[in-house]
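So the structure is just underneath, and the comments pick up after that.
Read the numbers this way: they start at 1 and go in the same order the structure lists the ligands and their atoms. Not measured: the values here are computed from a predicted model.
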Amino acid sequence: MLLSYAACTKVPRMLIARTLPDLRAACASLRATYGGLAFVPTMGALHDGHRALVRAAVASGAPAVTSIFVNPLQFGANEDLSRYPRDEAGDLATLDASGCALVWLPDVATMYPAGEATTISLTGPAERWEGDARPGHFRGVATVCAKLFGQVRPDRAYFGEKDWQQLQVIKRMVADLLLPLEIVGIETVREPDGLAMSSRNRFLNAADRATAPLLNRVLRETANALIAGGAAEPLLEAGRQALSEAGFVVDYLALVDGPSLVPIETASPTARLIATARLGGVRLLDNVPMG
Ligand code: PAF
């Protein structure tokens, strides 16, 4: 009979794999004992949002595997790759305390072998919004996730809804490439004042940190007005205006069809209100459901 990992989390200690052979051996052994794997891909600098993903993975009953890899392919030339926060010791302690079974810490040479010539090309939900603001970003995200899925071979992988477009891109890729895993979206974890948790929040100065929760407030108020039947464009424009007046540089605030990210005019339960705005050079992403 196969064991449920959640029932046995006190028995094994967390394993750490730094090479592909070690990862494969650890995954094979966990799979043989417990029957399946639940996977949480991350770039480290873990916060409560990541903890919620790991908790959901552990709660599934399968051993949770978490990867930490700051993926150069998803950063543009003038983006923040070099200053992306890194805290391996802190992250390992967090994962151990969260009941993670195995941590995968690949290096760049393992993920991107010399001479590699293959990336994932995307259309559909990868177009517009972050796709326009960060050309090549989703190609990098999808490519690294496809590689991680191939290495870990999980039954389920967990992604935060905060990066709504990323979640839809990954779901579409998994469906289109017929990959044998389920993608599970987990609700955004917020600070008490509503700010969505993000590894980049630490770069906000005190004044911008105090202003930042307005992004979520404007999204919620605009969503309520849309659900009450208000016309979309004037409400969206009023939201953009309120954010600009508070000091945000608004990249977009849009009503979209949730899965396809296509802009729409009318609220519906599957619609999503999405926004990205910058404060002091820090890009803040957020979104809210419409139903
Ligand atoms: O959301 C993230 O942290 C990253 O985009 C991911 C999914 C780990 C891929 O590098």
Side-chain angles (χ1 to χ4, degrees), residues 17 23 37-57 64-76 79-88 90-92 94-95 98 100 102-108 110-112 116 119-120 122 125-126 129-131 133-152 154 156-174 177 179 181-189 196-203 261 274 276 282-287:
L23 175 80
L37 297 175
F39 179 49
V40 181
T42 81
M43 297 207 297
L46 304 180
H47 50 65
D48 280 353
H50 298 107
R51 280 191 196 91
L53 303 182
V54 176
R55 265 201 312 275
V65 182
T66 302
S67 62
I68 299 177
F69 178 65
V70 182
N71 173 31
L73 197 62
Q74 69 189 74
F75 288 80
E79 291 184 354
D80 56 355
L81 172 62
S82 60
R83 75 164 190 161
Y84 197 84
R86 292 162 204 250
D87 176 18
E88 187 181 296
D91 290 345
L92 291 176
T94 296
L95 292 172
S98 305
C100 181
L102 167 63
V103 186
W104 171 217
L105 295 164
D107 57 18
V108 174
T110 300
M111 295 306 289
Y112 296 108
E116 53 128 15
T119 58
I120 306 267
L122 306 149
W129 324 122
E130 291 307 286
R134 304 182 66 187
H137 171 66
F138 286 127
R139 182 177 64 97
V141 171
T143 301
V144 83
C145 286
K147 290 179 187 231
L148 292 166
F149 295 160
Q151 292 165 340
V152 175
R156 279 175 299 279
Y158 295 76
F159 289 80
E161 286 187 351
K162 192 204 63 122
D163 295 302
W164 180 261
Q165 190 172 8
Q166 169 173 280
L167 173 61
Q168 306 315 314
V169 166
I170 297 298
K171 281 187 173 172
R172 189 70 255 167
M173 175 186 79
V174 164
L177 298 183
L179 301 181
L181 77 157
E182 181 195 350
I183 300 301
V184 184
I186 300 294
E187 203 176 311
T188 303
V189 178
M197 292 211 178
S198 162
S199 305
R200 293 186 171 101
N201 290 351
R202 69 188 72 194
F203 296 129
L261 276 296
I274 60 168
T276 294
V282 181
R283 287 186 90 236
L284 300 175
L285 279 74
D286 204 348
N287 65 86

Please determine whether side chain to side chain contact (heavy atoms under 4.5 Å, CB included) holds for the pair Phe149 and Ile183, giving the CA-CA distance in whole Å, both sets of side-chain angles, and the decisive distance to 0.1 Å.
CA-CA 11 Å; Phe149 295 160; Ile183 300 301; 3.9 Å; yes

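Side-chain N/O atoms of Arg156 and Tyr158 include a donor and acceptor closer than 3.5 Å. Side chains of Tyr112 and Asn71: a donor on one and an acceptor on the other come within 3.5 Å. Side-chain atoms of Thr94 and Asp91 include no donor-acceptor pair closer than 3.5 Å.
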Show me the short polar-atom pairs for ligand 1: any N or O of it lying under 3.5 Å from a protein N or O, with distances only.
from, atom 1, to, atom 2, distance (Å)
ligand 1, 1 (O), Gln166, NE2, 2.8
ligand 1, 5 (O), Gln74, NE2, 3.0
ligand 1, 5 (O), Gln166, OE1, 2.7
ligand 1, 10 (O), Gln74, OE1, 2.6

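Ion pairing between a basic and an acidic side chain is recognised when a charged N comes within 4.0 Å of a carboxylate O; Glu130 and Arg283 show such pairing.
A donor-acceptor distance shorter than 3.5 angstrom exists from the side chain of Thr143 to the backbone of Ile120, with no hydrogens or angles considered.
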